[in-house]
Trainee: 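Got a structure for you, written out below as C-alpha cells; questions coming shortly.
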Amino acid sequence: MTKRIPSTPAGWAEAGEMLKAGKLVAFPTETVYGLGADATNPEAIAALYAAKGRPAFNPLIVHVDSLASARKLAPFGIGALAVANAFWPGPLTLVLRRRPDCPVSELASAGLDTIALRIPSDPIAQAIIEAAGVPIAAPSANRSGKVSPTEARHVISDLDGKIDGIVIGPSATIGVESTILSFLTDPPTLLRPGAVTAGFIEEELGHRIQIGGHGADGSDANAPVAPGQLESHYAPSARVRLNAEEIRPDEAAMLFGYDLPPGIENARLAINISPSGDTIEAAAKLFSTLRELDASGARTIAIMPIPEIGLGEAINDRLRRAAAPRS
Ligand code: TXA
Ligand code: MG
C-alpha cells in the first residue's frame, strides 16, 4: 500500500519521519516529483532502485537542506561555492568529489567517488528534507526510462503499490529536471541542461564552461557519466517525431506557439504546450503533455519545433531522448 500523505506541515513531518525510517516517499520539488530515500541507508537505496526499475549503475542526486550540510559530504572549491551561492536553493545539481568520510551509501553514488548534490527551492521539499534530518537521494519519481512526473497523479500511475508514501502536493513549477554541472573538470562541464542555463552559470563564474556528456569527467567514455544521458530515456510508448512541420493523419500532436501546422484537423489529439510560445510555460507542461498524448493510443507523437531559447535547450534535450531509438 502506498500511503497518500497530505501536503500540510503535519504531512511533511510524517514524510520526513518515514524517510528517516528507511521508507520510500515521493514528494514534489520545483523541477519534478522526486522519489526520496535516506541516502545513508543502503537498504533504502536498493529498494529505491528496485521500485524505479532503474539500472543499478545510475547514480542518484542527493538532496540536502543547506550548504553547510552539502559541505559535510563534499569539499567545495571556489567555483562550486560561487555557483552554489548564486543558484541554491534551486534547480541546479553540482557533481563533486565525495569526502573520504562521506556517509552517503556507495550504492547511491553507484560506486563512483563522486557525488551529485542539490538543495531544492520548493518549500515542501525543503520541509521534508529538514524533517528527515539526513541527506535524501531522490531521482525523478517515475519508472526508469519513462517520462518524469510533474504531478502527484503521474507518480501514482507509475509507482502506486511499489513505494511507501507519496506527498500529494501541487504540480512542479519548472517541469524539467535540474541542470547538472560537474566540477570534476576545469572548467566545469554541463552534463544536463536545465532551468539554470549555461549562460547564467558562465556569467556567474566569469568564464566559459564545457558542454558535455559521456566521459565528460575524463573517465571511461563508455561509462554513463550522467546516465540521464542514456540514449533512449524519457520514452513514451508511441514513436516520437521531432520538428514536425505538418501533422499526419491519426498522429498525436504537441503544438507550440500561435501558428498551427497544416494537417492539425486530422490529429487524434493535439495539445499546445504554449500558445504564446513561452519556453518556461512549455517546460512546465512538457512531461504531462507527453503522457497525455501517449495515452491517446496514437502510434506516433508529432512534435512541432521548439526554439533553443531559455528552457528550450532543456526541452529539446529531453525530446531528443524521447525520440531516440529504443534499446
Ligand atoms: O531535478 C532533479 O534533479 C530531480 C529532482 C527530483 O530533484 N532529480 C533527478 O534525479 O532528476 P535523477 O536520478 O532522475 O537524475 C540523476 C542524474 C542522472 O543523469 C545521473 O547520472 C546524474 O544525475 N548523476 C548523479 N550522480 C552523478 C555523479 N556522481 N556523476 C555524474 N552524474 C551524476
Ligand atoms: Mg530521471
Side-chain angles (χ1 to χ4, degrees), residues 25-37 39 45 48-49 51-64 73-74 88-98 102 104-122 124-126 128-129 135-150 154-155 158 167 169 172-185 188-196 212-219 223-231 233-235 283 287 314 317-318 321-322:
V25 181
F27 58 85
T29 83
E30 72 277 22
T31 56
V32 299
Y33 270 70
L35 175 57
I45 299 300
L48 189 156
Y49 283 123
K52 278 205 52 120
R54 155 171 283 202
F57 48 72
N58 272 20
L60 307 172
I61 295 174
V62 175
H63 298 66
V64 291
L73 307 178
W88 276 359
L92 175 67
T93 294
L94 302 182
V95 175
L96 301 164
R97 293 258 166 242
R98 288 165 66 112
C102 174
V104 167
S105 133
E106 300 267 354
L107 190 57
S109 304
L112 301 173
D113 61 352
T114 58
I115 189 164
L117 294 170
R118 172 162 118 79
I119 304 178
S121 60
D122 184 307
I124 299 172
Q126 285 187 355
I128 292 167
I129 294 162
I136 299 296
S140 50
N142 52 282
R143 295 277 295 170
S144 185
K146 296 291 175 191
V147 171
S148 293
T150 54
H154 299 156
V155 182
D158 267 23
V167 176
T173 52
I174 294 177
V176 292
E177 302 88 338
S178 60
T179 304
I180 303 181
L181 181 67
S182 168
F183 277 92
L184 305 180
T185 56
T189 303
L190 188 84
L191 296 178
R192 179 172 76 182
V196 176
H214 287 271
D217 66 347
S219 69
V225 173
Q229 312 280 344
L230 286 174
E231 281 280 278
H233 207 72
Y234 311 102
F287 289 130
D317 172 74
R318 304 309 187 278
R321 289 178 210 296

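Values in this document were obtained by computation on a predicted structure and should not be read as measured data. Values below: all heavy atoms of this structure, side chains included; hydrogens, waters and symmetry mates excluded. All ligand and atom numbering here is 1-based and tracks the order in the structure.
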Trainee: Return the set of residues passing salt bridge (Lys or Arg N to Asp or Glu O under 4.0 Å) with Asp158 (not counting sequence neighbours), or none when no residue passes.
Mentor: Arg291

Trainee: With a cutoff of 4.0 Å, is Ala138 in contact with ligand 1, counting heavy atoms of the residue only?
Mentor: yes

Trainee: For Ala116, counting its heavy atoms only, list the atoms of ligand 1 lying under 4.0 Å from any of them.
Mentor: 25 (C), 26 (N), 27 (C)

Trainee: Scan for salt bridge (Lys or Arg N to Asp or Glu O under 4.0 Å) pairs involving residues 107-118, sequence neighbours excluded, and state none if there are none.
Mentor: Glu30-Arg118, Arg97-Asp113

Trainee: Mind checking whether Thr114 contacts ligand 1 via backbone (N, CA, C, O), side chain (CB onward), both or neither, at a 4.0 Å heavy-atom cut-off?
Mentor: both

Trainee: Counting backbone and side-chain atoms alike, does Ser140 have an N/O/S atom under 2.8 Å from the Mg ion (ligand 2)?
Mentor: yes

Trainee: Quick check: do Pro139 and Leu48 have side-chain heavy atoms less than 4.5 Å from each other?
Mentor: yes

Trainee: Please check if the side chain of Tyr33 supplies one atom and the backbone of Gly169 the other of a donor-acceptor pair under 3.5 Å.
Mentor: yes

Trainee: Can you find an N or O of Tyr33 that's nearer than 3.5 Å to an N or O of ligand 1?
Mentor: no

Trainee: Considering only heavy atoms of Ile180, which atoms of ligand 1 have at least one such atom less than 4.0 Å away?
Mentor: 17 (C), 22 (C), 23 (O)

Trainee: Apply the side chain to side chain contact (heavy atoms under 4.5 Å, CB included) test between Ile128 and each candidate in Val25, Val167, Asp122; give the one that qualifies.
Mentor: Val167

Trainee: Using a strict 4.0 Å cut-off to heavy atoms of His63, name the atoms of ligand 1 that fall inside it.
Mentor: 5 (C), 7 (O)

Trainee: Under 4.0 Å from any heavy atom of Ser178, which atoms of ligand 1 are there?
Mentor: 1 (O), 2 (C), 3 (O)

Trainee: Just one of Thr114, Leu96, Leu112 clears the side chain to side chain contact (heavy atoms under 4.5 Å, CB included) bar with Leu184, so which one?
Mentor: Thr114

Trainee: Please tell me if the side chains of Val176 and Phe287 come closer than 4.5 Å, counting only heavy atoms from C-beta onward.
Mentor: yes

Trainee: Give the single entry among Lys52, Glu30, Arg118, Arg192 that approaches atom 11 (O) of ligand 1 most closely by any heavy atom.
Mentor: Arg192

Trainee: Counting only heavy atoms, tell me which of Gly34, Pro28, Ala172, Ser140 gets closest to atom 14 (O) of ligand 1.
Mentor: Ser140

